[in-house]
Asker: 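Dumping the structure here so I can ask a few things about it.
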Amino acid sequence: RPLLIGPAHGPLPPYPYRMSGPVISGFGRGSKELGIPTANLPVDNSLYPWIPSIPEGVYFGFGSLLLPESHPDYSPAPAPSNPGAASAATSAWSLFPMVMSIGYNPFYKNDTRSVEVHVLHKFQADFYGVDMRLLVMGYIREEKDYKGLEELVEDINFDCEVARQSLQRPGW
């Protein structure tokens, strides 16, 4: 599989897709079984009509989290450098690269289509209930079944590297 997705100048239509919502509990497998924690978002086809029309698989892009001040990874935006500028409210939105699975996860035989996001940052604590915004920039690969857990984890780790490499280019 290629290590880079898309042209150097940035995503091509129909991307980017946008999605947002509170982080909800998922199946409880990401951290426990895979060692790859996921943040799950509710799937509402009426809000995001693009979801049922795209193929199941692994996507990549950016995730932004509105972390509360009490979260160990909270980092407010820096104050404006121009003292004469209008005072803006300090934002706690933090931006991270991410990979996400949209589909049924055939390895686990799910019967419900889910959106599971793996934010490419090692968090010190969970963030259930926190608002998350996603900017889906591209498609990495189709959803697959695996013979074993090790194969699945290996592919997810490669997907993470594809996302990192693809998103670090200036056009992205």
Asker: Transitively linked via ILVMFWY side-chain contacts under 4.5 Å: Phe158 with Val58?
Answerer: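 The answer is yes; both residues are in one hydrophobic cluster.
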Asker: So Arg1 and Asp155, side-chain contact (heavy atoms from CB on, under 4.5 Å) or not? Walk me through it.
Answerer: CA-CA 10 Å; Arg1 293 190 293 140; Asp155 250 8; 3.2 Å; yes
Asker: Taking Arg113 first and then Glu56, would you say they form a salt bridge - that is, a charged N and a carboxylate O separated by under 4.0 Å?
Answerer: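 Salt bridge: yes.
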Asker: For Asn40 and Ser25, which heavy atoms make the closest approach, and how far apart are they?
Answerer: ND2-C, 4.2 Å
Asker: Please check if Leu41 and Phe96 belong to a single hydrophobic cluster, counting links between Ile, Leu, Val, Met, Phe, Trp and Tyr side chain heavy atoms closer than 4.5 Å.
Answerer: yes
Asker: For the residue pair Ala39 and Val23, what are the closest heavy atoms and their distance?
Answerer: CB-CG1, 3.9 Å
Asker: Within the side chain of Tyr139, is there an N or O that forms a donor-acceptor pair under 3.5 Å with the backbone of Arg141?
Answerer: yes
Asker: Quick check: do Tyr59 and Met98 have side-chain heavy atoms less than 4.5 Å from each other?
Answerer: no
Asker: Out of curiosity, His71 NE2 to Leu66 CG, how far, rounded to the nearest 0.5 Å?
Answerer: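 If we round to the nearest 0.5 Å, His71:NE2 and Leu66:CG are 11.5 Å apart.
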Asker: Within the 4.5 Å heavy-atom criterion, are Val119 and Met132 side-chain neighbours or not?
Answerer: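 Yes, at least one pair of side-chain atoms sits under 4.5 Å.
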Asker: Does Val153 offer a backbone N or O that forms a donor-acceptor pair with the side chain of Asn157 under 3.5 Å?
Answerer: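 The answer is yes, because a donor-acceptor pair under 3.5 Å joins these two groups.
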Asker: Taking all atoms of both residues into account, what is the closest heavy-atom pair of Gly61 and Met137, and its distance?
Answerer: CA-CG, 3.6 Å
Asker: For residues 8-21, which side-chain donor-acceptor pairs fall under 3.5 Å, sequence neighbours excluded?
Answerer:
| unit_1 | atom_1 | unit_2 | atom_2 | d |
| --- | --- | --- | --- | --- |
| Ser20 | OG | Tyr48 | OH | 3.3 |

Asker: Below 4.5 Å, heavy atoms only, C-beta onward: do Leu4 and Val162 meet side chain to side chain?
Answerer: no
Asker: For residues Ile5 and Arg169, report the shortest heavy-atom separation together with the two atoms involved.
Answerer: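 Nearest pair, atom of Ile5 first, then Arg169: O-NH2, 2.5 Å.
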Asker: Do Leu167 and Phe62 pass the side-chain contact (heavy atoms from CB on, under 4.5 Å) test, and can you show the C-alpha distance, the side-chain angles, and the key distance before you say yes or no?
Answerer: CA-CA 8 Å; Leu167 293 170; Phe62 294 99; 3.6 Å; yes
Asker: According to a 4.5 Å side-chain heavy-atom criterion applied to Ile, Leu, Val, Met, Phe, Trp and Tyr, with indirect links allowed, do Ile24 and Val115 form part of one hydrophobic cluster?
Answerer: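 In one cluster: no.
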Asker: Any donor-acceptor pair under 3.5 Å linking the side chain of Glu143 with the backbone of Tyr104?
Answerer: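 Flag set: sc Glu143 to bb Tyr104 pair under 3.5 Å.
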Asker: Is there a side-chain contact between Trp172 and Phe60 in this structure, where contact means two heavy atoms from C-beta onward sitting under 4.5 Å apart?
Answerer: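 Side-chain contact under 4.5 Å: yes.
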Asker: So how far is it from Ile140 CD1 to Ser166 OG, rounded to the nearest 0.5 Å?
Answerer: 7.0 Å
Asker: Is there a path of hydrophobic side-chain contacts, each under 4.5 Å between heavy atoms of I/L/V/M/F/W/Y residues, joining Met100 to Leu135?
Answerer: no
Asker: Are Val99 and Val43 linked, directly or through other ILVMFWY residues, by side chains that come within less than 4.5 angstrom of each other?
Answerer: no
Asker: Within this structure, what is the CG-OG distance for the pair Leu65 and Ser94, rounded to the nearest 0.5 Å?
Answerer: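 The CG atom of Leu65 sits 7.0 Å away from the OG atom of Ser94.
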Asker: Taking the side chain as every heavy atom from C-beta outward, state whether Phe127 and Leu67 have any atom pair closer than 4.5 Å.
Answerer: yes
Asker: Okay, side chain of Asp73, backbone of Gln124: is any donor-acceptor separation there less than 3.5 Å?
Answerer: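 Yes; judged by distance alone, with no hydrogens or angles, the pair exists.
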Asker: Do other residues, nucleotides or ligands put more than 12 heavy atoms under 6.0 Å from the CD atom of Glu151?
Answerer: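 Yes, because the 6.0 Å sphere around CD of Glu151 holds more than 12 heavy atoms from other groups.
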Asker: Minimum heavy-atom separation for Leu95 and Ser64, please, with both atom names.
Answerer: CD1-CB, 4.2 Å
Asker: Once you round to the nearest 0.5 Å, how far does CG of Asn45 lie from CD1 of Ile51?
Answerer: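 The CD1 atom of Ile51 is 6.0 Å from CG of Asn45, to the nearest 0.5 Å.
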Asker: Whether the side chain of Asp44 engages the backbone of Ser46 through a donor-acceptor N/O pair (distance < 3.5 Å, no angle test) should be reported.
Answerer: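 Answer holds: yes.
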Asker: Do you know the tightest heavy-atom contact between Pro22 and Gly129?
Answerer: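 Looking at all heavy atoms of both residues, the shortest contact is CB-O, 4.1 Å.
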Asker: Rounded to the nearest 0.5 Å, how far apart are CG of Asp159 and CD of Glu154?
Answerer: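 It is 11.0 Å, given to the nearest 0.5 Å.
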Asker: Does His118 reach the main-chain N or O of Pro37 with its side chain, forming a donor-acceptor pair under 3.5 Å?
Answerer: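 Between the backbone of Pro37 and the side chain of His118 there is a qualifying donor-acceptor contact (under 3.5 Å).
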